[in-house]
Amino acid sequence: MRKIWAIVSKEVYITFTNRNLLLIMLVTPLVLSTIIGLAFGGLGGGDSGGLSLSNIPIVIVNLDEGATFGNALGGGFTADNQTGGGQAFNGGDQIVAILAPNLAEGQNAFGASGDQPVCSLLPEKGADNSRRYSGTLEELFAPALMDDPAAARAAVDRGDYAAAIIIPPAFSQAVTPQFQFGPADDQATNAAAETDVVDSEVEVYANAGQPIEASVTRSVVEAIVGQLVRFNVAITAMGQAIGQQIAASPMDLGDVDPATVPAQGAPLADWLAFMEANADRSPWFAGLAAGLTRFQAAASGDQSAAGGAANNDLGGIVSCLFDPNFEPIQVQQQPLNRVQEQGIFQQIMVQIGAAQAVFFALFTGIFGVLSIYEERKNWTLQRLLASPTSRSSILAGKLGGNVVVVWVQLALLMLFLTLVTSAIMRSPVNIWGDQWGLILLTTVALSLAVSGLGVLVVGLARTPEQVQAMGPVIAIFLGALGGAFGFALPDALANLSLITWGVGAFKSLAAGQGDIWLNLAVLFGQGALFFVIGVWLFRRRVEI
Amino acid sequence: MDTMVKLRDLSKTYRRSDGSAVEAVKQINLEIYKGEIFSLLGPNGAGKTTTISMMSGLIAPTGGDAFIGGHSITKEPMAAKRLMGFIPQEVALYPELSARRNLLFFGKMYGMHGSDLNKRVDEVLAFIDLTDRQKDKISTFSGGMKRRVNIGVGLLHRPELLFMDEPTVGIDPQNRRRVLDTVKQLRDEYGMTILYTTHMMEEAQELSDRVGIIDHGELIALGTQGELTQQVREEDQIDFAIDGRGWSSELEARLLQEVPGLTRVAYAPPGHGDDSAGEESLAALTAFAARGRQALPDIIRILNDAGVEVHSVKVREPDLEAVFLALTGRALRD
Amino acid sequence: MRAIIDIALNDLRIFFSQRGNWISLIVLPLAFTAFLGWAMGREFGSTQVRLDVADLDGGPAAAGLINRLAASSDVIILCPHENDADNVCHLDNGETALTTEQGINRVQRGRSDALLVIPAGYGQAVQTGASAQLDYYSLEDPTQPSPILQTVNAVLQKVNSAVVAQQMDMAMLEALVGTDAGSPLADEKTRTAMAASLQEDAQRLLDSQPDLVIFKSTAPMETSSLDQGFGQAIPGMGTLFVMFTVLGGMVTLLRERRQWTLQRLAVAPLRRSQILGGKVLSYFSLGMIQFLVLFGMGAVMGVNLGGAPLALLAVMTAFVLCVTALTFALAPRMKSEQQAGGLSRLLALTLAPLGGAWWPLSITPPFMQTIGHLSPVAWAMDGFQTLIYNGGGLPDVLTEIGVLLAAAGVLFAIGAATFRVGE
Ligand SMILES: Nc1ncnc2c1ncn2[C@@H]1O[C@H](COP(=O)(O)OP(=O)(O)O)[C@@H](O)[C@H]1O
Ligand SMILES: [Mg+2]
C-alpha cells in the first residue's frame, strides 16, 4: 500500500510540475469557459444573459396603401371631409414606426407626426411596467427601407439581411374594420375574413442561414401585427355588440318606413341621420346620435360644440390598441431553485463550465494513462517492474495517480470557474452550491469514470499513436453529446455520455437539490466497468 | 594528393536562449584528402557533431567556410551536397516505413528515381545485408539493423565523400565490428573519402589514415597517427593508480623538481581515472618522463614518503590516448 | 517541385500507414457527423412535453384559457387536463387539479417539463382589464429558447387582445353615449351584458382571424434548435477537426527533428524552400482531405451545401492554408512535442468556439463578434454561411477568402523566416 501511494504521489507530482500538461489541463478549459461565459453572459453581468442578439439586419418594404376607416364608418366622420376620405389609417407605417423609429419620418398609423396620445386606459401609467419591446427594439434590429420587394428578397438571398418584412398594399385594408352597423346575424361574417387575405399578409422572408434571427424577427412582426389586428377586432366587436344591444333593447320601430332604414354597411352618416330622426324610439339611438355628433364636431375643430377634450379622449382610448404596455395578462418565469434565481449567466456557467471541465478531464484521463507507454520508453517502467513491487501494485499506483490527477484538475477548474463567474458578475459567488459532501462525491465519481475511460481507450488502442489520434476525437464526441459545445442533443443520446451525468449532478447540486443518486450510480458504474475491461485489455498489451 | 574537403576558419557560436553564447567550434582549419579515412577524435561535447553539421550544410557556420570538392557549402550548397553522403549520429529514419521505403524516399531526395533508384536500393540492401527484411518496418528492427539502414541511406547516391558521425554509439560489439569493417571496405573497394567522428581512441586508431583531435571546439592536433604519436614518442608514459587522499599540488611540484627527466604530471581525481582503477578512492596519476624506467623508482619513493599508497604501475608506449592526455591533461573519456 | 511532391507524398504515406490516423482523420469524424445526422432524422420516443397547469382561479375565463392552450399545440400536453388512460401526465395519484406546490414538485422531479400558474382573480382581471400575472416554472435549458413559453405567450397575446378590445370598446362607448341617466349604459345590467358581449365577440373574431403574417425562407428552415445545431455541424465540426489535424503538424515537425529525418532532408541537395514546401503541402493536403470527406458525407446525407461547390472549395482552401500557416509560424517556437500537442489542442478548442464553430457568432454580444473575428474560423464560417444559405457565389466570399489568405501570407512569412532544420 505504501508503494502504491509512492507511485501515486510521483504521478501527481510529475503532472503538476509539468507546465505543458498544465497548459492543456487548466488553461484551455479556463479560456474556453470564459469565452462561453462571455458569449452567453455578456460583459455586463447576470441579469441579461442568454442569447444576446442585437443589430439584426432587416429590410422593410412598405407597400401599404393605407385605408380610410372613415369610409367604413360612413364618411364625414373626421376633418378630412374635403377628400371625402375619412380617417386615413396605415398599418404599414405603424410597423415601420415600431421597427425602424429612426427611419419612419415620425409617422404613425394615423399619418400624424409627433407623439401618439398616451393610452388613457393604462391601469398604472408608465414607469415600472416593463415594456415588451419598445426601446430594446432599437438595439435588436438594424433596419433599412426598400421599395422593391424583389430587391429586398434578393438582398436576403445574398445574406445582406437576416430577413425582409414585406407589407402588402392591402394590409391596412385587412386590418381596418369593415364596419357593419347592425345586429350580428348569420350573414354578419367577420370583417377580416371578407377581405382578400392573400394580398394582405405581411411576409417575413428570412435567410435560412440565420434561423435564430429569423425566428426572433418573425415573432416580433407577429406581435406587432397581432396588435394592429386589435383595432379591427375592437371596432367590429363594438359594431356587433351595439347591434345586439339595440336589438335587445325595448324600442318601437313599428311605424318606421323600412325604406329609411339604412342597409347593412351603409355609410355612418346615413345611420346618423336615421338615428337622429328616430331618437325617441330607443335610448341607444339618442345616445349614439348625440355622441357621434359631438365627436364629429370635435373632429372638425368646433370645440364649442364638442364639449372639450372629447376627441382627445377618443385618441387616448384608441392609442391603447397600440400601446405595448397595455398587456394586462402577463406570464413571468419564476425561479425554481437557487441557480435560476441567480440569473441565466450562472446557469450557463454551471452547465457549460461543468461540461467543459469534464471534457478536458477526459484528455487528462486518456493521456495520463498513455504515459505508461512513455515510462516504458524511458525504461522507468522496467525499472519499477524489476523492483520487488508487485505488478498489480504498480498498475494500481499508476492508475490511482491518474484518478487523483483528474480529481485535482476537476477541483481546480471548478474553483476557477467560480472565480471567473464572480469576476464577470463583479460579485463573489459560489456557483456550485454548498452541498460539499455531495460535490466531493460527484467529483470522485467523475474522476473514476474519466480515468476508467482513459484505461479503456488506451487498452483498446494498439499503439500510443492510435491513442494520440483517437483520444481527442473520442473526447469531442462525448463532449458534444454532453453539451460541452453549447448545443443540446436529445436525452436518449446525451445520456450516452458520462459528461451528461456529471453535468446533471452538478446542475442539481448547484440548484440546491440533492437527488443525484442515479447520476452517481451511473458514474461509479461506468467507472468500475471501464476499469475492469480497460485493465484487462491493458495488461494484455503492456504485460504489466 | 587531391583535397576533397577543406575547412577554413570554420566556427560556430551557439546563442542560448538565456543570452549566453557557446563557442562550440573555434576556427578550425583542415583538409581531407581524396580516398582517405579521416577521423575527428574528441570527447563528448568537443564539437564533432557541430563541425560535421556545418560541413554538411545542416547548420550555418557563424564564421569561416567549408569547401566540398571545391564548392563552398555556404555559397553553393547544392553542388556541395550532391557530393556527400551523410550518416547522422542518430538513427534518422521513419520508423513507420519499411527499410525499402525509407531508402526509396531518401533516394528521391537525392534526385534519383525510376528503375535506377530501384536497382540502387537493391544494391544497398544487399550491401547492408537486409534484403530479406526490406519490407519490414524500421520500428521492428534491432538497434544494429537500424544502424545499418542508417548507413545505407547515406550510400544511396554513390557519394564520393561520406560523413559518419559516431556511427557506433550504442551498439553491441558485433555490430560495431561490422560497421568498422564496412567503413574500411568503403574506402578500399569503392575509393570513398570518409570523415569519421568518434570519441573512441581505438576506432580512430584502427581506421584512420589521418586524425584530427578536437577538444572544446579547438583542433588541437592534426596528422597521421605516426606524426601524432611522434609528439610524445621521446617520452614514456607511466600510469599510476594511487590513493588520491594524499595528493596535493605541493607533491606535484616536488615530483617535478626532484625526479630527473620527468617532464609532466597529470592527475585525475578518484572516479575520473581510466578503467584500470578498480576501487572508488583510486586516482589516476600519469607521468611523462624521458626515460621512464629510470624515473620510476624515484617517483615511487617520493610518493611513499608523502604517504601516498601506490596500487599499480604501468609503463606504456605512447598512443592517441597519450597524445590527447599530453595535449589536454585529461583522459579522452572524461 | 518534384521533391516537394515527393516529400508531401511520403508524409501522407507515413500518416496513413498509422491506423489510428485513419480513424481520427476520417472514420471518427465521419461517424460523428453521420451520428449527428441520424440523431436529427429520428424522433426520440415521445417528443411531447408536459405542461402542468395550476388553476387557482377556477372560473370560466381560466377554463377558456386552458382550452385555448390545449388547442394551440399538439406537442404540449396539459396536465392534468389532458391526461389519458396511460397517465401521460405521470400523475402520482390521478389528481384532477394541481396546486402550485404539487406542480413545482413535479417539475423538480422531472414529472413535467413546466408549470403554469393561473392566479386567483384571473377571471376578474380579464373582465376588468386589471393586470394579472401568470407564473411559469421550468428547468428547461437556459441556452435554448423554450417552445412551451413561446406557445403560452402566443395564446396570451390573443387573450390580451380580447381584453384590450373590450376595454377600449367600453371606454369608447361610454365616451360616446355617456353613463348619465337616460343613457343606455346607465343601467348596470346593460353595461355588464355589453361588456360580456364585447369580449365574446372580440374573442370569436380573434379566433377566426386568419394569420396575417406568412413566413418564408431562402431554404427550408430547420425548425428545432437541434437541427439548427446540425446546420452548423458540418462546417463547424469540420473546422474543428481540420484544426486538430493541421495544428497537430507542429508535433510531427518536432518529432521529425527528434528522429533526425528532417536533418537528413536538410543535408540532401534540396533547397530549404523545397523542404518547407513539402511539409506545408502535406499538412495542407491532410486538412483538405478531412474537409472534403466531411462535406462529401454531408452531400451524401442530403445536407444543403449551397450551389457553388467551387467557391466552397475556395473557402476551405483559404482556411486550411491559414491554419497551415499558423502551424508553421508556431512550430519553431515549440520546445517539446508535449508542448506542441498541448498548444495545438488549446488553439483548436478555443479558436473554434471563438470563431463561431459551435454556435453562430450572431447570437453573441457585439464585442464577442469582434473578438471572434480574430479567429480564422469566424471568416471561414462567414464564407460557408454565405455560400450554403445565402446562395452566394465566389464573388460574395472574396472578402473572407482575402482575409484568410492575407493572414496565411503573413503567417507563412513568419514561418518561412523562422523555419529551422538544423539548429
Ligand atoms: N543547439 C545547440 N545550442 C547550444 N549549444 C549547443 C547546441 N548544440 C550543441 N551545443 C553545444 O556545443 C558543444 C558541442 O556539441 P557537439 O558538437 O554536439 O559535441 P560532440 O558531437 O563532439 O559531442 C557542446 O558544448 C554542446 O552543449
Ligand atoms: Mg556528437
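Protein chains get the first letters and strands the later ones, always in sequence-line order, with residue 1 at the start of each. Computation of the quantities below employed the complete heavy-atom set of this structure, encompassing side-chain atoms and omitting hydrogens, waters and symmetry-equivalent molecules.
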Problem set entry | Proximal component of C:L347, with respect to chain A [non-hydrogen, under 4.5 Å] | neither

Seminar exercise, completed: Most contact-rich option vs chain A, by heavy-atom pairs under 4.5 angstrom, among C:V107, C:L156, C:V27, C:I371, is C:L156

Exercise. Which region of A:V233, side chain (C-beta onward) or backbone (N, CA, C, O), has a non-hydrogen atom less than 4.5 Å from a non-hydrogen atom of chain C, or is it both or neither?
Worked result: both

For this session: Return the set of residues passing side chain to side chain contact (heavy atoms under 4.5 Å, CB included) with C:N153 (not counting sequence neighbours), or none when no residue passes.
Result: A:V331, C:L149

Problem set entry | Interface moiety of C:L198 toward chain A, non-hydrogen atoms closer than 4.5 Å | both

Exercise. Checking C:F384 against chain A: side chain, backbone, both or neither under 4.5 Å from a heavy atom?
Worked result: neither

Exercise. Within a strict 4.5 Å, meaning less than it, do heavy atoms of the C:F244 and A:V473 side chains meet?
Worked result: no

For this session: Test A:I329 against every option in C:N160, C:L65, C:V155 by the side chain to side chain contact (heavy atoms under 4.5 Å, CB included) rule and name the one that passes.
Result: C:N160

Exercise. When heavy-atom pairs shorter than 4.5 Å are enumerated against chain A, which of C:A132, C:A125, C:G372 gives the highest number?
Worked result: C:A132

For this session: Taking the side chain as every heavy atom from C-beta outward, state whether A:F360 and C:R345 have any pair of such atoms under 4.5 Å apart.
Result: no

Exercise. Residues two or more places apart in sequence or in another chain: which of them pass side-chain hydrogen bond (donor to acceptor under 3.5 Å, both in side chains) with C:S197?
Worked result: A:Q244

Seminar exercise, completed: Between A:A234 and C:D169 the two heavy atoms that sit nearest each other are O-OD2, 2.6 Å

Exercise. Considering only heavy atoms, which portion of C:L116 lies under 4.5 Å from any heavy atom of chain A: side chain, backbone, both, or neither?
Worked result: side chain

